[in-house]
Amino acid sequence: MLWPACQALRHFSTGQVYFKNKLKLALIGQSLFGQQVYSHLQKEGHRVVGVFTVPDKDGKADPLALAAEKDGTPVFKFPRWRVKGKTIKEVAEAYQSVGAELNVLPFCTQFIPMDVIDGPKHGSIIYHPSLLPRHRGASAINWTLISGEKQAGFSVFWADDGLDTGPILLQRSCDVKPNDTVDALYNRFLFPEGIKAMVEAVQLIADGKAPRIPQPEEGATYEGIQKKENAEISWDQPAEVLHNWIRGHDKVPGAWAEINGQMVTFYGSSLLTTSVPAGEPLNIRGSKTPGLVTKNGLVLFGNDGKALMVRNLQFEDGKMIPASQYFSSGETSAVELTAEEMKVAETIKVIWARILSNVPVIEDSTDFFKSGASSMDVVRLVEEIRQKCGGLQLQNEDVYMATKFEDFIQMVVRKLRGEDQEVELVVDYVSKEVNEMTVKMPYQCFINGQFVDAEDGETYDTVNPTDGSTICRVSYASLADVDKAVAAAKDAFENGEWGKMNARERGRLMYRLADLLEENQEELATIEALDSGAVYTLALKTHIGMSVQTFRYFAGWCDKIQGSTIPINQARPNHNLTFTKKEPLGACAIIIPWNYPLMMLAWKSAACLAAGNTLVLKPAQVTPLTALKFAELTVKAGFPKGVINIVPGSGGVAGQRLSQHPDIRKLGFTGSTSVGKQIMSSCAVSNLKKVSLELGGKSPLIIFNDCELDKAVRMGMGAVFFNKGENCIAAGRLFVEESIHDKFVTRVVEEIKMMKIGDPLDRSTDHGPQNHKAHLEKLLQYCETGVKEGATLVYGGRQVQRLGFFMEPTVFTDVEDHMYLAKEESFGPIMVISKFQNGDIDGVLRRANNTEYGLASGVFTRDISKAMYVSDKLEAGTVFINTYNKTDVAAPFGGVKQSGFGKDLGEEALNEYLKTKTVTLEY
């Protein structure tokens, strides 16, 4: 019987449950599945009076035997139960001696005589991994996939003298995913749910409630054991049939074809849903269309013109390679080990020796599997290396691809050195000598772990706002590029390593990424200054510094996302348990603005990744470079391919496609209110995807006459001029109490005159260029409108006469409530001041709230009661009291009214990228 050992040990903590009726059980079988069934039956209070399992193999006991021996349960290891059709007397006597009331066969490869099957009071029950009567026989899971069935499952049935024909006790089913393999189906459903079902079945028998439902003959099938000689691929079939054949034989016995006179086995099949990538043809015997060896794997073609991709290939000598490396010439040269690496190698040799206890000495030529190791031993090897070698995370496939000890050590060393990428990351940089360093900037789309040109070859200029020069040409993502990126993110979530990764490992990658951002902060800040005009010192502290903090903060959340248990009304005499689970959404889209290119990326993507999602991010068209540098660092951090994808380009093409894409499950957007409304509409019409929007603002700042004036001036200027005014929470309108109004304005103008406007890379610069030319022109027009409407231009309002997109810090007073300046956001270095009558608190609050925006707000006063009253009445997502711009990664950030909804930062941000599932069970 083909039965895969699971790839990861599953534990279930059901707690002690009281049942009145308990049975004496004989457990007949083997494997990790049998061991888990045994342990759970013991936990539930049943008494296992004997375990009957297979003899030790190569000096190693079966897991079921090990668990039973540890508990002191009698264990019997018979190589066979009968000879020439008759039960062996000694075996029968040993079995009868335990006095079992029920035989439980969770997984058994031996033929058990009928006098043993029928011997106990309650007979025998067997677990079978198919929905009987479909797929009777030993290769049930394989044939479920080979047949292309959409539903899989298992049966617990009463044993009779037929082959899997006994009456059904219970069945459970699940959906088959398009790229499920035998292992995937087993690990996700058949193994964990099968254990629970066997325990449930035993209790039903104990309580006298177990049904016996005869199997119908209609629809019944029987298939024999799939062997290697039967698993050759017949090529003249549709792609989906070929895919089902390959995945139905993965890992055992392995579907194969003849290539260059050698049997080659195919593993890791998936249907190709995107366009066929470029590759080198590979002739395969029997296939009319050659395969294509591409950088992602081997593409195979069905007779319907559709395609599938195979990830790994195994040769007759047992060596397994990534299919993408089929044409790679020669063997990889051996690396010389350092003293530290030698210590790791010795540690691994000890682990091998413990697992391969039948091998006297582990030598370079020792083959893991030829020495008797099984799939279960692969799991043990991977876990022990992780525990004893500093958290080194191997995958099961790494063991299959390096089965000899010498090759295994070489593979481990390359991983330790960071030389183990499936496909080496190739980056075409634009390099510049600037800021006393060489800045290396990627400029292509980043899709599925690789930097690639846009499919149609289109590019555009990204411009340095300091002098108006072109920094480089950047790939302009097309609709096809966006579709590829979404497909990569979806596949990484559903089928890739990311979706299987435990939460703490996800956190470890995010911590590593934060470290890399910090290690490269000077280069990132320089790129931010070049591409967005951010003052270097501010970029270093805020743009990059807060990005590092954000990833570290959310890395810590990865393993702390949890649901809750909920008491509900019981349906007597039964009991119910209701609990919630927090689950990731899937492939998400993130669209960010140009004012804080890296920080806005971090605010949204860190929460998205911590929740377990994958993402496609579109940076602002005018500031793509730090996002692409970030992509390079994610590869160095070890993020699996497809988890993070970056598509530079226009909002009208790439952004619109993301909002309409049916495979995107969530879209997070920061930008203007008008575009936010359009995005929300597209998200609703397409697939009702979840949306969070951080939109425009006209944040009021109220300064009372009892404030600390020096602080109010300093903070008030920061509220307006911070980051050149290109700040979503910038104070769009200042209300200054009449008695201090003139003094406040005078002090502000004096401070402005001392500000240095200039090159953002100059450490003494206070105020850099506006982000891009069109924005500068919009700000100048804004000032002209203010003057025409009768506001008083106290200072500035003009472009600085020098290269680049520089604007003077500007101050307007006498701004009345009906004016354009009072209603619309400038998003630039323009202070808009209105005075209010002394003591008129409620009046100024009405004016402050008379806006459709509600992102932030502020108040300066020494009177804490007044401050709290004002903070209660202000209609905004954030209220600052005697400070401004004080955001923190732990504090939720977001607006109300037409400033949007949803939160960035803090625990609340995680909920934007999670869904809640409620589970109710009856017992």
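- Between Glu694 and Lys604 there is no salt bridge, since none of the side-chain N atoms of the basic residue sits less than 4.0 Å from a carboxylate O of the acidic one.
- Ring geometry, His772 versus His775: the interplanar angle falls from 30° to 60°, so the pair is classed tilted.
- Taking 4.0 Å as the cut-off between side-chain N and carboxylate O, Asp481 and Arg657 do not count as a salt-bridged pair.
- Between Asp710 and Arg747 there is a salt bridge, with a side-chain nitrogen of the basic residue lying less than 4.0 Å from a carboxylate oxygen of the acidic one.
- For the pair Tyr869 and Asp842, the minimum side-chain heavy-atom distance is below 4.5 Å.
- With a 6.0 Å radius and a threshold of 12 heavy atoms from other residues, nucleotides or ligands, Lys560 has its NZ atom above the threshold.
- Ring-plane geometry between Phe827 and Trp594 is classed as perpendicular, the angle between the planes exceeding 60 degrees on a 0 to 90 degree scale with a lower cut at 30.
- Side-chain contact check for Asp483 versus His661: some heavy-atom pair is nearer than 4.5 Å.
- Ring centroids of Phe551 and Phe630 are separated by less than 6.0 Å, placing the two rings close together.
- The distance between the ring centers of Trp603 and Phe893 falls below 6.0 angstrom.
- Residue Met546 holds its CE atom at 9.5 Å from NZ of Lys541, rounded to the nearest 0.5 Å.
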- Check the pair Thr462, Asp531 against side-chain hydrogen bond (donor to acceptor under 3.5 Å, both in side chains), reporting the backbone distance first and the verdict last. CA-CA 7 Å; Thr462 186; Asp531 206 24; 2.7 Å; yes

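- The backbone N or O of Pro700 lies less than 3.5 Å from no partner atom in the side chain of Ser857, so there is not a single donor-acceptor pair.
- Here Ile881 contributes atom CD1 and Ile864 contributes atom CD1; the two are 5.5 Å apart, rounded to the nearest 0.5 Å.
- Checked by atom type and distance alone, the side chain of Gln770 pairs as donor or acceptor with a backbone atom of Lys724 at under 3.5 Å.
- Side-chain atoms of Lys582 and Thr916 include a donor-acceptor pair closer than 3.5 Å.
- Ionic pairing of Lys835 and Glu738 is not present here: no N-O contact between side-chain nitrogen and carboxylate oxygen is shorter than 4.0 angstrom.
- Side-chain N or O atoms of Lys711 include one that pairs as donor or acceptor with a backbone N or O of Asn882 at under 3.5 Å.
- The environment of NZ in Lys690 is crowded: more than 12 heavy-atom neighbours from other residues, nucleotides or ligands sit within 6.0 Å.
- Residues Gln621 and Tyr476 have side chains in contact (heavy-atom distance under 4.5 Å, counting atoms from C-beta outward).
- In this structure the side chain of Asp888 never reaches within 4.5 angstrom of the side chain of Leu905, judged on heavy atoms.
- Lys666 forms a cation-pi arrangement with Tyr913, by the criterion of a distance under 6.0 Å to the ring centre and an angle within 45° of the ring axis.
- Interatomic distance, Tyr536 OH to Glu528 CD, rounded to the nearest 0.5 Å: 12.0 Å.
- Atom CG of Leu517 and atom OG of Ser547 lie 7.0 Å apart (nearest 0.5 Å).
- Met807 places a side-chain heavy atom less than 4.5 Å from the side chain of Ile830.
- Nearest heavy atoms, Pro597 versus His543: CD-ND1, 4.2 Å.
- The two residues Gly828 and Leu779 have their closest heavy-atom pair at CA-CD2, 3.8 Å.
- Remark: the backbone N or O of Gln898 is paired with a side-chain donor or acceptor of Thr673 at under 3.5 angstrom.
- Lys698 places a side-chain N or O within 3.5 Å of a backbone atom of Glu824 that can act as its donor or acceptor partner.
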- Message: Using the rule given for side-chain hydrogen bond (donor to acceptor under 3.5 Å, both in side chains), can you reason through Asn464 versus Thr466, listing the C-alpha separation, both sets of side-chain angles and the distance that settles it, and then say yes or no?
- Response: CA-CA 5 Å; Asn464 182 348; Thr466 302; 3.3 Å; yes

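- Taking the side chain as every heavy atom from C-beta outward, Leu855 and Cys728 approach each other to under 4.5 Å.
- No side-chain heavy atom of Asn850 sits less than 4.5 Å from a side-chain heavy atom of Arg846.
- Between Pro760 and Thr765, the shortest heavy-atom contact is CA-CG2, 4.4 Å.
- Looking only at side-chain heavy atoms (C-beta outward), Ile833 and Val748 stay at 4.5 Å or farther from each other.
- Within a 6.0 Å sphere centred on NZ of Lys897, other residues, nucleotides and ligands contribute more than 12 heavy atoms.
- Across all non-hydrogen atoms, the minimal contact from Ile592 to Pro619 is CG1-CA, 3.7 Å.
- Side-chain atoms of Asn838 come within 3.5 Å of backbone N or O of Ser739 as a donor-acceptor pair.
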- Can you check side-chain hydrogen bond (donor to acceptor under 3.5 Å, both in side chains) on Asn727 and Asn885, steps first, answer last? CA-CA 9 Å; Asn727 186 18; Asn885 288 325; 3.0 Å; yes

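- Paired with Phe704 under the rule ring pair (Phe, Tyr, Trp, His ring centres under 6.0 Å), one option of Phe860, Phe744, Phe836 passes, and it is Phe836.
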